[in-house]
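When a residue number appears, it is its place in the shown sequence, counting from 1.
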Amino acid sequence: MINWSNSDKLLSWKKLMSLKGMVSVAKELSGENAAERVNSYTVPMGGNLKFNYAAKQVNEQILKTMAELAEEAQLVEKYNALLNGEIINTGEKRMVLHQLTRGQLANDVIADGVNKREFYLNEQKKIADFANDVHSGKIVNEKGEKFTTVCQIGIGGSDLGPRAMYLALENWAKNNNTFKMEAKFISNVDPDDAAGVLSTMDLAKTMFILVSKSGTTLETLTNESFVKDFLVKAGLDASKHMIAVTSETSPLAHNPDYLAAFYMDDYIGGRYSSTSGVGGAVLSLAFGPDVFAEFLNGAAEEDKLALNKDITKNPALLDALIGVYERNVQEYPSTAILPYSQALSRFPAHLQQLDMESNGKSVNRFGEKIDYVTGPVIFGEPGTNGQHSFYQLLHQGTDIIPLQFIAFQENQTGKDVIIEDSTSQVKLAANVTAQIIAFACGKTDENPNKAFAGERPSSLIHGKQLTPAALGALLAHYENKVMFQGFVWNVNSFDQEGVQLGKVLAKSVLSGKMDGALKAFADLLIK
């Protein structure tokens, strides 16, 4: 029997709360056993990645108490319940099945009268067949020409994840001869976004993907109309240039206005949808179905590791528990995601939505007020750009902000030069290495302005190269981390009521049915 209790009711939680400030990471990483700590505080991940937490403010006693919390809170059991199709999304009374899009880890899940794993596999095959037909020239434009560009129209989870994944693999695909089509993205309802993107492409050779699970998303449908107007003015038949990724019950399904439609369902949340058709269509068209399959395999490998009850062999669970310790015991307000890879330039933006939309809650799964803090603020930029931007605050600011570095031994293009006795890639690695130690150990100086307090904890996810499998594992790691943290905090990580109120009020403005301050602000902006 699973017990969904608030964390402050658990004995292990109270024990963990008493362990604040036990560890000086500066001492740990400057002592005689520093190298041993660096080598031993590491956990294998999927996709040939590793999670290293040697620069975190934890020790064996804290880890033992975290393990007790994982056991008492039944975190792995709750993950198993999710995989077996229990109603985990209490707000919308839905199952949560995004892991099922990339593998079968539990029993068959039957919903809506169908086997959901078979349903997702069937949609993946349909997307793969469609992509192959586009690449081979079986599906062409009105003039019989091949499509050379794909453009995704969506917002939120229909944009951030797929866009981040595309950018992460673009150079890899070009270097490995799997690059098929350039991808573009339109998300913001600001007309300057759509107009700017459309001006960069040959409309006649562009395939558009409209992504909306409900088929009613205001921003997405507005942008669809914007795009269709451009196509019509260019003398093109929009129905020959558009496909849809939607639910089978939406107005976009079985609609002659689209060349094809691929389906998802209500059990896949937008921010968790990169391994569904939402990411599958654009990534398969851009790089080929085989690359998308490798991406799914990496995610599935990481999902399997998340079932291990030993937290030192379960990277997502360990990362989650350390994050809980930092948020609730250390009282750190934020977490910075710092990928030292330009390919991951939009990955922090995706994680910002994934984490903050999932665990930005102040009531528990049953709608009851909770008495402890939940999700941190997530932000980040790729290194070394961030070093010349906000690292000043990270190093010497009044708030301690935990850091999560991501780095690789090799770049994706194979192109590099030796300058001043080292390559650019080595310089990149030198920078992330230096930052980890600088944040942890700091520096004393007679001039207070030049002194660094240190004790800024960080983790490092690293591997040989950012490949499709590594990217899939990286994505699943963070998805599972957020899931486990939601379980600890006893919040529903799979709905997002916080984004609904603004939508409702925007519709009131557009309908003209408003008064008071709402009308006053609208009058400032709407002609």
Atom pair [atom1] ([X]) and [atom2] ([Y]), whose distance is rounded to the nearest 0.5 Å:
{"X": "Thr374", "Y": "Met356", "atom1": "OG1", "atom2": "CE", "result": "10.5 Å"}
{"X": "Ile378", "Y": "Thr335", "atom1": "CD1", "atom2": "OG1", "result": "4.5 Å"}
{"X": "Leu236", "Y": "Met242", "atom1": "CG", "atom2": "CE", "result": "11.0 Å"}
{"X": "Leu252", "Y": "Leu221", "atom1": "CG", "atom2": "CG", "result": "6.5 Å"}
{"X": "Ile127", "Y": "Asn132", "atom1": "CD1", "atom2": "CG", "result": "12.0 Å"}
{"X": "Ile209", "Y": "Ile243", "atom1": "CD1", "atom2": "CD1", "result": "4.5 Å"}

Side chains of [X] and [Y]: closer than 4.5 Å at any heavy-atom pair?
{"X": "Met181", "Y": "Val134", "result": "yes"}
{"X": "Met483", "Y": "Asn480", "result": "yes"}
{"X": "Lys503", "Y": "Leu218", "result": "no"}
{"X": "Val232", "Y": "Asp229", "result": "no"}
{"X": "His388", "Y": "Glu381", "result": "no"}
{"X": "Leu307", "Y": "Leu83", "result": "yes"}
{"X": "Thr42", "Y": "Lys50", "result": "yes"}
{"X": "Leu354", "Y": "Tyr478", "result": "yes"}

Is it the case that more than 12 heavy atoms not belonging to Asn48 sit under 6.0 Å from its CG atom? no

| message | Can you confirm whether Arg346 is buried at CZ, in the sense that more than 12 heavy atoms of other residues, nucleotides or ligands lie under 6.0 Å from that atom? | response | no

Q. Where do Asn359 and Trp489 land on the side-chain contact (heavy atoms from CB on, under 4.5 Å) test, with the steps shown first?
A. CA-CA 9 Å; Asn359 290 337; Trp489 290 319; 3.9 Å; yes

Are the aromatic ring centres of [X] and [Y] under 6.0 angstrom apart?
{"X": "Phe119", "Y": "Tyr263", "result": "no"}
{"X": "Phe51", "Y": "His477", "result": "yes"}
{"X": "Phe390", "Y": "Phe379", "result": "yes"}

Is a side-chain donor-acceptor pair under 3.5 Å present for [Y] with [X]?
{"X": "Asp265", "Y": "Tyr120", "answer": "yes"}
{"X": "His241", "Y": "Glu142", "answer": "yes"}
{"X": "Ser358", "Y": "Ser493", "answer": "no"}
{"X": "Tyr267", "Y": "Asp112", "answer": "yes"}
{"X": "Ser239", "Y": "Asp237", "answer": "yes"}
{"X": "Lys481", "Y": "Gln404", "answer": "yes"}
{"X": "Tyr272", "Y": "Thr101", "answer": "no"}
{"X": "Asn141", "Y": "Glu145", "answer": "yes"}
{"X": "Asn431", "Y": "Thr384", "answer": "no"}
{"X": "Ser422", "Y": "Lys427", "answer": "yes"}
{"X": "Asn492", "Y": "Asp495", "answer": "yes"}
{"X": "Asp416", "Y": "Ser424", "answer": "yes"}

What's the verdict on side-chain contact (heavy atoms from CB on, under 4.5 Å) for Met264 and Glu123, showing C-alpha distance, side-chain angles and the deciding distance? CA-CA 8 Å; Met264 55 188 301; Glu123 291 305 310; over 6 Å; no

Look at the side chain of [X] and the backbone N and O of [Y], then say whether any donor-acceptor pair between them is shorter than 3.5 Å.
{"X": "Glu182", "Y": "Thr149", "result": "no"}
{"X": "Lys213", "Y": "Ile268", "result": "yes"}
{"X": "Asn175", "Y": "Gln412", "result": "yes"}
{"X": "Ser389", "Y": "Gly386", "result": "no"}
{"X": "Thr423", "Y": "Val426", "result": "yes"}
{"X": "Gln104", "Y": "Ala106", "result": "yes"}
{"X": "Thr217", "Y": "Glu219", "result": "no"}
{"X": "Asp355", "Y": "Leu351", "result": "no"}
{"X": "Gln465", "Y": "Asn411", "result": "yes"}

Between Thr246 and Ala253, the two heavy atoms sitting closest are CG2-N, 4.0 Å

Non-neighbouring partners of [X] that pass salt bridge (Lys or Arg N to Asp or Glu O under 4.0 Å), sequence neighbours left out:
{"X": "Glu497", "answer": "none"}
{"X": "Asp193", "answer": "none"}
{"X": "Lys180", "answer": "none"}

Parallel, tilted or perpendicular, judged at 30° and 60°: which one describes the rings of Phe347 and His350? tilted

Run the salt-bridge test on [X] and [Y] with the 4.0 Å N-O cut-off and return the result as yes or no.
{"X": "Lys93", "Y": "Asp266", "result": "no"}
{"X": "Arg271", "Y": "Glu357", "result": "yes"}
{"X": "Arg94", "Y": "Glu92", "result": "yes"}

TODO: Check step by step if side-chain contact (heavy atoms from CB on, under 4.5 Å) holds for Ile2 and Lys78.
DONE: CA-CA 7 Å; Ile2 289 179; Lys78 288 170 181 174; 3.7 Å; yes

Between Phe487 and the options Trp4, Tyr79, Phe494, the ring-ring contact (aromatic ring centres under 6.0 Å, His included) test singles out Trp4

- Message: Just to verify, which of Phe262, Tyr258, Phe147 counts as forming a ring-ring contact (aromatic ring centres under 6.0 Å, His included) with Phe130?
- Response: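 With Phe130 as partner, ring-ring contact (aromatic ring centres under 6.0 Å, His included) holds for just one option, Phe262.
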
| said: Assess the residue pair Phe179 and Trp172 against the criterion (side-chain contact (heavy atoms from CB on, under 4.5 Å)); give the C-alpha distance rounded to whole Å, side-chain angles, the decisive distance to 0.1 Å, and a yes or no. | reply: CA-CA 8 Å; Phe179 188 81; Trp172 181 91; over 6 Å; no

Walk me through whether Arg102 and Asp303 qualify under salt bridge (Lys or Arg N to Asp or Glu O under 4.0 Å).
CA-CA 9 Å; Arg102 61 245 191 171; Asp303 287 341; 2.7 Å; yes

Start with the C-alpha gap between Tyr340 and Phe408, add the side-chain angles, then the distance that decides, and say whether ring-ring contact (aromatic ring centres under 6.0 Å, His included) holds. CA-CA 8 Å; Tyr340 275 62; Phe408 303 93; over 10 Å; no

